[in-house]
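Below: one structure, written as structure tokens.
Order of the sequence lines fixes the chain letters, A, B, ..., with proteins taken first and strands second; residue numbering starts at 1 for each chain.
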Amino acid sequence: MLPKANRLRHWRDFQTIYQQGIRWRGDLLMLRAWRRTAADPVPTRFGISVSRKFSKHAVTRNRIKRQIRAALHHLLPDIVPGWDCIIVVKPTDQTCNYDRFLQELKQLLAKAEVLNGHSRGNVL
RNA sequence: GAAAGUAGGUGAUGGUGGUUGCGGGUUGAGUAUCUCAAUCUGAGGAAAGUCCGGGCACCCGAAAGACCAGACUUGCUGGGUAACGCCCAGUGCGAGCGAUCGUGAGGAUAGUGCCACAGAAACAUACCGCCAAUGAGUCAUCCGUCAACGGUCAUUUGUCAUUUGUGUUUGCAGAUGACAAGGGAUAAAAGACGAAGGACAAAUUUGGUAAGGGUGCAAAGGUGCGGUAAGAGCGCACCAGCAGCAUCGAGAGGUGCUGGCUCGGUAAACCCCGGUCGGGUGCAAGGUCGAAGGAACGACGGUUGGUCUUUUACCCGUUCCGCCAAGAGCGAACCGCAAGAGGCGUUUGGUAACAAGCGUCCCAGAUAGAUAACCGCCCUCCGGCUGCAUGGCAGUUCGGGGAACAGAACCCGGCUUACGACUACUUUCUCUA
RNA sequence: GCGGGCGUAGCCAAGUGGUUAAGGCAGUGGAUUGUGGUUCCACCAUUCGGGGGUUCGAAUCCCCUCGUUCGCC
């Protein structure tokens with residue numbers, strides 16, 4: 001689980017990100033990122049959205065969320081502060097493992113230049 | 001060994017260790033609406049579906065009682081429970097070879113409705129049929145009267161023949177026989193008439209039947225024997241149903257005897273009866289942060305689904321004192337919020353459900369919603385390979401996996417549904433000894 | 001959390017206890033035509049989402065369940 005400072009917690013934040021954020025698409029996930037205008041060193045916050053269409057069972061949805069959270073936690077030291085991100089899980093395949101999520105998250109966050117220490121060219 | 005059945009607990013994601021990390025409680029510290037450290041703790045038997053019953057909270061003014069409206073898949077009996085549509089024990093009925101299982105199990109004589117098609121008729125009738133009477137008519141029988149032809153019998157008359165007596169013969173008298181005629185009698189006599197009872201019987205009408213036919217899920221208790229004009233519980237035996245009595249049982253009911261002989265199904269159709277409940281909304285209840293009303297006096301009236309009764313409160317009017325710059329939104333910020341019809345152990349009572357006593361324990365509290373990720377060793381399963389030499393067992397620097405159903409959201413008690421592995425007992429069948 | 005509706009052929013659907021479950025579109029086959037379209041004819045539900053019950057009889061009534069959809073706070 002992420003620390004509380006790195007979590008998006010309110011419905012308003014989700015609305016603003018959905019309306020104003022930049023979209024990046026991957027195979028399994030979709031990223032919406034929005035850079036907050038104030039340049040204060042607030043840590044980057046993440047929200048995860050798994051639709052009921054993905055699976056009707058709460059168990060599978062929660063498992064996906066946990067694995068994404070674990071991957072994010074692994075990437076957390078390299079994240080640039082000052083962003084708000086939502087990770088939307090596409091309703092594709094329910095049998096996903098940790099490594100694929102980690103790889104996909106790395107690519108998406110690097111594209112959006114949220115990851116530190118990598119430019120776009122380095123990754124691609 | 002196979003196939004079934006019942007009961008029981010169980011399921012933290014195999015065990016253990018490490019690194020990174022999350023929610024909560026407590027304690028301590030600090031730069032104090034946050035952070036850090038230590039320590040403890042952190043999903044289920046169904047947390048699910050939301051099908052019932054409650055607790056709790058607020059609103060419709062409140063509380064109590066009676067009756068009514070109303071609601072209820074409430075509906076065998078007895079018990080358990082805070083309560084229940086739940087559980088336990090039993091009764092009846094049904095299913096199964098059996099162990100066992102299922103059971104919405106009041107009333108069809110309170111009333112209404114429905115029972116398609118078929119069938120005469122679907123709830124009180126009679127189509128075909130059977131029987132009795134009626135009966136055009138047919139048949140034979142018996143009785144009485146009459147009686148043709150023919151027969152028989154007796155008799156009368158005549159003729160002829162034979163014979164006897166008398167006698168010369170004829171003749172006369174008698175007997176016998178044959179033939180003819182007459183009337184008479186007779187009957188197993190054609191037939192006619194009359195009367196009687198009998199058999200058959202068309203049509204019609206009247207009555208008795210519900211055995212048989214056919215229809216259908218269902219047709220007036222079933223089967224058999226007797227009985228009857230034909231039939232029928234009309235009688236009898238057994239079975240089924242109803243009622244009464246006796247007896248056993250706390251009761252539902254069981255058993256036995258007797259009796260009259262009998263009443264279609266459907267209430268998961270309306271309904272009737274008994275029983276229970278008594279309004280609504282649901283923790284997004286509701287409260288705090290965060291606004292304010294209080295006191296005195298007063299006649300009539302009004303306020304709960306309806307009526308009535310009792311107590312009380314409020315509404316209303318007047319006076320006095322007091323509050324508010326404006327505004328009533330955002331926020332799961334805080335409380336509600338976790339010690340409970342609690343768990344575990346044990347004793348006693350009870351067939352059991354369960355209850356009581358004693359001891360002991362504190363056991364999740366999130367709110368975009370906490371249990372995860374990676375790694376080491378051990379155990380175990382599957383597959384591959386090797387060996388024994390063959391349904392298996394053993395080994396492995398091999399590969400893959402550690403299950404299924406499934407995630408607390410105010411809390412309990414049930415029900416239902418989904419699902420893994422296991423243990424014990426029981427039944428039936430087969431094989432071996 | 002509370003409450004309602006709907007599942008019938010590939011699609012839209014009628015049917016509210018009584019034969020063999022209307023109809024339209026689509027599809028298949030045939031006829032008409034030189035060919036195609038139009039038109040006409042025929043076929044197409046092993047039975048009404050699944051299971052159980054009541055009934056002589058169930059798509060229909062009752063119970064459980066699965067799916068789907070809507071509303072309120």
When you check the glycosidic angle of [N], does it come out syn, meaning within 90° of 0, or anti?
{"N": "G221(B)", "value": "anti"}
{"N": "A147(B)", "value": "anti"}
{"N": "C363(B)", "value": "syn"}
{"N": "G383(B)", "value": "anti"}

Could you measure the distance from the [atom1] atom of [X] to the [atom2] atom of [Y]? Nearest 0.5 Å is fine.
{"X": "Trp24(A)", "Y": "Leu108(A)", "atom1": "CH2", "atom2": "CG", "result": "9.5 Å"}
{"X": "Cys85(A)", "Y": "Leu72(A)", "atom1": "SG", "atom2": "CG", "result": "8.5 Å"}
{"X": "Ile87(A)", "Y": "Ile64(A)", "atom1": "CD1", "atom2": "CD1", "result": "12.5 Å"}
{"X": "Ser49(A)", "Y": "Lys65(A)", "atom1": "OG", "atom2": "NZ", "result": "7.5 Å"}

What integer distance in Å separates [X]:[atom1] from [N]:[atom2]?
{"X": "Leu75(A)", "N": "A372(B)", "atom1": "CG", "atom2": "C1'", "result": "15 Å"}
{"X": "Gln67(A)", "N": "A370(B)", "atom1": "CD", "atom2": "P", "result": "14 Å"}
{"X": "Arg66(A)", "N": "U13(B)", "atom1": "CZ", "atom2": "P", "result": "13 Å"}

Out of G369(B), G407(B), A373(B), whichever nucleotide has its closest atom nearest the side chain of Arg69(A): G369(B)
Closest to side chain of His73(A), choosing from G21(B), A373(B), G407(B):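 Closest nucleotide among those given: G21(B).
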G-U wobble or Watson-Crick pairing nucleotide for [N] (cut-off 3.5 Å, both distances):
{"N": "C36(B)", "value": "G28(B)"}
{"N": "C86(B)", "value": "G80(B)"}
{"N": "A368(B)", "value": "none"}
{"N": "U416(B)", "value": "A48(B)"}
{"N": "U19(C)", "value": "none"}

Please give the distance between the C1' atoms of C22(B) and U73(B) as a whole number of Å. 49 Å
For atom C1', what is the distance between G44(B) and G384(B), given to the nearest Å?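 Those two atoms are separated by 39 Å.
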Which pair of heavy atoms, one from Leu105(A) and one from Ile68(A), lies closest together, and at what distance?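 Scanning both residues completely, I find the closest heavy atoms to be CD1-O, 4.1 Å.
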Toward the 5' end of RNA chain B, by each residue's nearest nucleotide, Lys65(A) or Asn62(A):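 Nearest-nucleotide comparison on RNA chain B picks Lys65(A).
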Run the side-chain contact (heavy atoms from CB on, under 4.5 Å) check on Arg23(A) and Leu31(A) step by step: do they pass? CA-CA 6 Å; Arg23(A) 277 186 253 182; Leu31(A) 177 72; over 6 Å; no
Is there any protein nitrogen or oxygen under 3.5 Å from a nitrogen or oxygen in nucleotides 45-47 of chain B, and what are the pairs?
none

